[in-house]
2 protein chains.
Amino acid sequence: MRAQRLILAAIEQDLKAAGMPPLAWYDVLWELVRAHEGRLRPYEIEERTLLAQHNLSRLLDRMEEAGLVRREILPEDGRGRWVLVTGEGRATQARIWTVYAAAIERHLGAKVDDAAAAILADGLERLTHGA
Amino acid sequence: MRAQRLILAAIEQDLKAAGMPPLAWYDVLWELVRAHEGRLRPYEIEERTLLAQHNLSRLLDRMEEAGLVRREILPEDGRGRWVLVTGEGRATQARIWTVYAAAIERHLGAKVDDAAAAILADGLERLTHGA
DNA sequence: ACGATGTAGATGCATTTGCATATATGTAGG
DNA sequence: CCTACATATATGCAAATGCATCTACATCGT
């Protein structure tokens, strides 16, 4: 808990200092950029980013307003929407990444070598998965 | 990040289901209970819990209103306050702990043996401390 | 003793989150 | 078909958070 809070706060701090949006925006953009055809349904983004449904709904409002994503009606299921990244969304994802990558390196990479990182990743993986 | 979010959410969920206050309340109570004479200054709680100053200030408002802590003027330094746990605060800490401990066991303990936990703790410790 | 600067804590205001519920649509059972 | 229930997303409202700033007091240099 302590490690996560400290590191996350440090990274968010770096993003903000560089005039970038919060990390959650990046998470969403990244999922969209790497998804097939740059689009996902809200519930898919939810699952991948661990954002709460109502939070994501409003985050998408803000991102849409900022021109980074677009929502489109989905013919197959009248309840759903597509969320699509715009060109500006892709550009923003790339711009954030330059800052984010540096922040990760500074606050994480610099503190563990590859072997230690692998061990940590393995241990944490075990926590998130099965019993 | 994923591990922390999932586990924290699960634990908060358990607390809420048992009608307990959020984890931050416990963190503050715990620091007070184990502090000398059951009192600390706000900035000491801040350092230990990683709560932001203005957040702690208002959390203490709520906790004071709930009768779990009391604020007292500090003669040595006119700017500062003491924050003291009340008897009810101690009782609440203990009550939360019964639920919290079970939640930790369920969401963490059950997933790693002692050796793996020690390795994880060591790796994470390294992240929070020096380069 | 005095002004400049630093530190502890509180607070007004905007933003974000959480919670419950609403709306719309799909699916299954009789 | 029609009712009951499930799923996808949005939204009103309350609570928490972040941000900037305020007040009060301390400390330090002159």
Side-chain angles (χ1 to χ4, degrees), chain A residues 4-6 8-17 19-28 31-32 39-66 69-84, chain B residues 4-6 8-28 31-32 39-66 68-84:
Chain A
Q4 194 268 356
R5 277 194 231 183
L6 283 167
L8 179 59
I11 290 174
E12 291 274 18
Q13 190 53 42
D14 284 4
L15 286 176
K16 174 161 301 184
M20 300 290 174
L23 208 43
W25 291 45
Y26 180 82
D27 292 339
V28 171
E31 294 299 342
L32 287 169
R39 63 184 193 181
L40 289 169
R41 296 193 40 188
Y43 80 91
E44 295 174 309
I45 302 177
E46 245 175 274
E47 293 168 0
R48 295 168 201 209
T49 61
L50 303 181
L51 287 165
Q53 184 269 317
H54 56 269
N55 273 342
L56 176 61
S57 177
R58 292 197 239 234
L59 175 54
L60 290 174
D61 289 346
R62 286 171 240 142
M63 292 178 71
E64 192 163 26
E65 170 146 350
V69 302
R70 228 161 3 106
R71 278 186 268 213
E72 265 182 24
I73 287 172
L74 174 86
E76 311 90 279
D77 186 335
R79 297 167 298 180
R81 313 283 130 111
W82 280 120
V83 181
L84 306 103
Chain B
Q4 193 268 356
R5 278 194 230 181
L6 284 168
L8 179 59
I11 290 174
E12 292 273 18
Q13 191 51 44
D14 285 3
L15 287 176
K16 173 161 302 185
M20 301 289 174
L23 208 45
W25 290 46
Y26 180 84
D27 292 339
V28 170
E31 294 298 344
L32 287 169
R39 63 182 193 182
L40 289 170
R41 297 190 44 185
Y43 79 91
E44 295 174 308
I45 301 177
E46 245 175 273
E47 292 168 359
R48 293 169 202 206
T49 61
L50 303 182
L51 288 165
Q53 184 267 317
H54 57 269
N55 273 343
L56 176 60
S57 179
R58 291 196 239 233
L59 175 54
L60 290 174
D61 289 346
R62 287 171 241 144
M63 293 179 71
E64 192 165 26
E65 170 144 350
L68 305 183
V69 302
R70 228 161 3 104
R71 279 187 265 214
E72 264 180 25
I73 288 172
L74 174 87
E76 311 90 279
D77 186 335
R79 297 167 299 181
R81 312 283 129 110
W82 279 120
V83 181
L84 304 104

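Sequence lines set the chain letters: A, B, ... in the order given, protein chains first and strands last, and positions in each chain run from 1. When reading the values below, keep in mind they use all heavy atoms of this one structure, side chains included, and skip hydrogens, waters and symmetry mates.
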(request) Identify whether the distance between the nearest side-chain nitrogen and carboxylate oxygen of A:E64 and A:R71 falls below 4.0 Å. (result) yes

(request) Spell out yes or no: do the side chain of A:R79 and the base of D:dT7 have one donor N/O and one acceptor N/O closer than 3.5 Å? (result) yes

(message) Categorize B:D61 for me: base, sugar-phosphate, or nothing, with a 4.0 angstrom heavy-atom threshold over every strand shown.
(response) nothing

(request) Calculate, to the nearest 0.5 Å, the distance between atoms CZ and CZ belonging to B:R41 and B:R39 respectively. (result) 10.5 Å

(message) Let me spell it out: for each of A:S57 and A:Q13, pick the nucleotide of DNA chain D with the closest heavy atom. Which residue's pick is nearer the 5' end?
(response) A:S57

(message) Please compare A:P22 and B:K16 by the position of their nearest nucleotide in DNA chain C and report the one closer to 5'.
(response) A:P22

(request) Nearest whole angstrom, please: distance from the P of C:dG12 to the CZ of B:R58. (result) 8 Å

(message) Rounded to whole Å, how long is the line connecting atom CG of B:N55 with atom P of C:dT15?
(response) 17 Å

(request) Record whether the side chain of B:Q53 comes under 3.5 Å of the base of C:dA8 through a donor-acceptor pair of N or O atoms. (result) no

(request) Figure out the CZ/P separation between A:R41 and D:dA10, and round it to whole Å. (result) 11 Å

(request) Return the value, rounded to whole Å, for the distance between atom CD1 of A:I73 and atom C1' of C:dT25. (result) 13 Å

(request) Identify the residue among B:L40, B:L74, B:L56, B:L32 that makes a side-chain contact (heavy atoms from CB on, under 4.5 Å) with B:V83. (result) B:L32

(request) Check the distance between D:dC19's P and B:L56's CG and give it to me in whole angstrom. (result) 16 Å

(message) What is the distance, to the nearest angstrom, from the CD atom on B:E46 to the C1' atom on C:dA10?
(response) 12 Å

(request) Give the rounded distance in Å between these two atoms: CZ of B:R71 and C1' of C:dA10. (result) 8 Å

(request) Let me know the distance between CG of B:L60 and P of C:dA8, rounded to the nearest Å. (result) 15 Å

(request) State the CD-CD distance between B:E46 and B:Q53, to the nearest 0.5 angstrom. (result) 5.5 Å

